[in-house]
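One structure is given here, and the rest of the page talks about it.
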Amino acid sequence: MPTLLIIDDNESVRESLKHVFMRRGYNVVVAPGGEAGLALYAKGGVDAALVDINMPGLNGIEVCEMLHRQ
């Protein structure tokens with residue numbers, strides 16, 4: 001089963017997306033922000049990431065650029 005990382009600062013969005021993708025057969029891990037998402041990604045096992053663009057701290061564009069470099 002593929003694993004999806006959801007990075008979003010809005011808890012209700014994270015949880016809603018988590019349930020949608022879990023019902024479709026994905027393993028899902030969630031992070032409340034860019035730094036936490038990068039730490040989860042670094043542990044390995046993530047096949048794809050769904051990243052919010054507008055977040056405090058590292059925004060989604062910065063996170064995607066960092067994920068691309070890893």
Nearest heavy-atom approach of G34 to V63 is CA-CG2, 3.5 Å
If hydrophobic clusters are built from ILVMFWY residues whose side chains come within less than 4.5 Å, do L38 and V29 share one?
yes
Minimum heavy-atom separation for A36 and P32, please, with both atom names.
CB-CD, 3.9 Å
Determine yes or no for a side-chain-to-main-chain donor-acceptor pair under 3.5 angstrom, with N10 supplying the side chain and V13 the backbone.
yes
Can you hop from L50 to V30 via hydrophobic side chains spaced under 4.5 Å?
yes
By side-chain contact (heavy atoms from CB on, under 4.5 Å) - contacts of I53 (at least two apart)
I61
Using a 4.5 Å cut-off on heavy atoms from C-beta on, say whether the side chain of L58 contacts that of M66.
yes
So, does D9 use its side chain to make a donor-acceptor pair with the main chain of G33 at under 3.5 Å?
no
At what distance, to the nearest 0.5 angstrom, does OH of Y26 lie from CD1 of I6?
10.5 Å
Should we count CD of E11 as having more than 12 external heavy atoms under 6.0 Å?
no
Can you spot which of K18, R14, H19 makes a side chain to side chain contact (heavy atoms under 4.5 Å, CB included) with V28?
K18
Answer with yes or no whether the hydrophobic clustering places L5 together with V51; edges join I, L, V, M, F, W, Y residues whose side-chain heavy atoms lie under 4.5 Å apart.
yes
Quick one: list whatever passes ring pair (Phe, Tyr, Trp, His ring centres under 6.0 Å) with Y41, sequence neighbours left out.
none
Indicate, with yes or no, if I7 and L4 share a hydrophobic cluster defined by side-chain heavy-atom contacts under 4.5 Å among Ile, Leu, Val, Met, Phe, Trp and Tyr.
no
So, does E62 use its side chain to make a donor-acceptor pair with the main chain of N59 at under 3.5 Å?
yes
Treating Ile, Leu, Val, Met, Phe, Trp and Tyr as nodes and any side-chain heavy-atom pair under 4.5 angstrom as an edge, say whether F21 and V46 lie in one connected cluster.
no
